[in-house]
Amino acid sequence: MNTTFKEEDQKYVMTFEGRLDTASTAQVKKDIKALDNCEGHDIILDCSQLTYICSSGLRLFLAVLKNARSKGSRTIITGLNDEMYDVFVETGFTQLFETRRK
């Protein structure tokens with residue numbers, strides 16, 4: 001699992017590449033700390049290269065959402081392929097997050 005963080009057009013963009021599984025969540029948890037000070041910035045979670053997400057990965061996304069909301073920022077999940085979109089629908093995440101498919 002690789003993550004990339006960048007600031008772009010007053011947005012924080014975190015890109016996820018590979019499998020967000022139990023083994024990788026500890027590192028990803030550290031990586032997403034870059035999103036903590038998001039006041040004044042919306043957050044884009046770019047999942048266009050994400051091939052799998054486990055329940056602990058979903059919890060990480062929820063933590064990002066909770067933090068962003070507390071600071072008045074939006075969290076948007078982009079680039080979901082059909083399989084990943086189905087996971088987000090089944091877990092109710094499409095009701096919590098603004099989502100965009102590939």
How far does CZ of Arg59 sit from OG of Ser56, to the nearest 0.5 angstrom? 5.5 Å
Roughly how far, to the nearest 0.5 Å, is CE of Met84 from CG of Leu50? 4.0 Å
In terms of heavy-atom contacts, Thr94 and Thr99 come closest through CG2-OG1, 3.9 Å
Just verifying a value: how many Å separate Cys47 SG and Ile44 CD1, rounded to the nearest 0.5 Å? 10.5 Å
Side chain to side chain contact (heavy atoms under 4.5 Å, CB included), paired with Asp46, selected from Ile77, Thr78, Thr4: Thr78
Would you indicate whether the side-chain heavy atoms of Ile53 and Phe61 approach each other to under 4.5 Å? yes
In Å and rounded to the nearest 0.5 Å, what is the CD to CE distance from Glu17 to Met1? 8.5 Å
Any chain of hydrophobic side-chain contacts (each under 4.5 Å) joining Val28 to Leu58? yes
Can you name the closest pair of heavy atoms from Gly57 and Thr25 and give their distance? N-CG2, 3.8 Å
Using the rule that two of Ile, Leu, Val, Met, Phe, Trp, Tyr join whenever any of their side-chain heavy atoms come within less than 4.5 Å, decide whether Val13 and Leu80 are in one cluster. no
Exceeds 12 heavy-atom contacts within 6.0 angstrom, atom NZ of Lys102: yes
Hey, does the side chain of Lys71 reach the backbone of Asp36 with a donor-acceptor pair shorter than 3.5 angstrom? yes
Going from CG on Asp31 to NZ on Lys29, what distance comes out if it is rounded to the nearest 0.5 angstrom? 12.5 Å
Return yes when atom CD of Glu83 has more than 12 non-hydrogen atoms of other residues, nucleotides or ligands closer than 6.0 Å, and no otherwise. no
CG/Asn81: more than 12 non-hydrogen atoms of other groups inside 6.0 Å: yes
Is the backbone of Cys38 close enough, under 3.5 Å, to the side chain of Ser73 for a donor and an acceptor to pair up by distance? yes
Minimum heavy-atom separation for Thr3 to Met14, with atom names? CB-SD, 3.8 Å
Please determine whether a side-chain nitrogen of the Lys or Arg among Asp82 and Arg101 lies less than 4.0 Å from a carboxylate oxygen of the Asp or Glu. yes
So Phe88 and Phe97, would you call those rings parallel, tilted or perpendicular, with 30° and 60° as cut-offs? perpendicular
Taking the side chain as C-beta and beyond, is there a heavy-atom pair between Leu60 and Ile32 under 4.5 Å? yes
Within one Ile-Leu-Val-Met-Phe-Trp-Tyr cluster: Val87 and Leu62, side-chain cutoff 4.5 Å: yes
Which distance, rounded to the nearest 0.5 Å, do you find between the CG of Leu65 and the CG of Leu45? 9.0 Å
Please check this pair: side chain of Ser24 against backbone of Arg19, looking for a donor-acceptor N/O pair closer than 3.5 Å. yes
When you look at Phe5 and Tyr12, which way does the ring pair (Phe, Tyr, Trp, His ring centres under 6.0 Å) test go after all the steps? CA-CA 7 Å; Phe5 171 78; Tyr12 287 163; 5.3 Å; yes
Would you call Asp9-Lys11 a salt bridge at under 4.0 Å N-O? no
Decide yes or no on ring pair (Phe, Tyr, Trp, His ring centres under 6.0 Å) for Phe16 and Tyr52, but give the supporting numbers first. CA-CA 10 Å; Phe16 299 88; Tyr52 174 83; over 10 Å; no
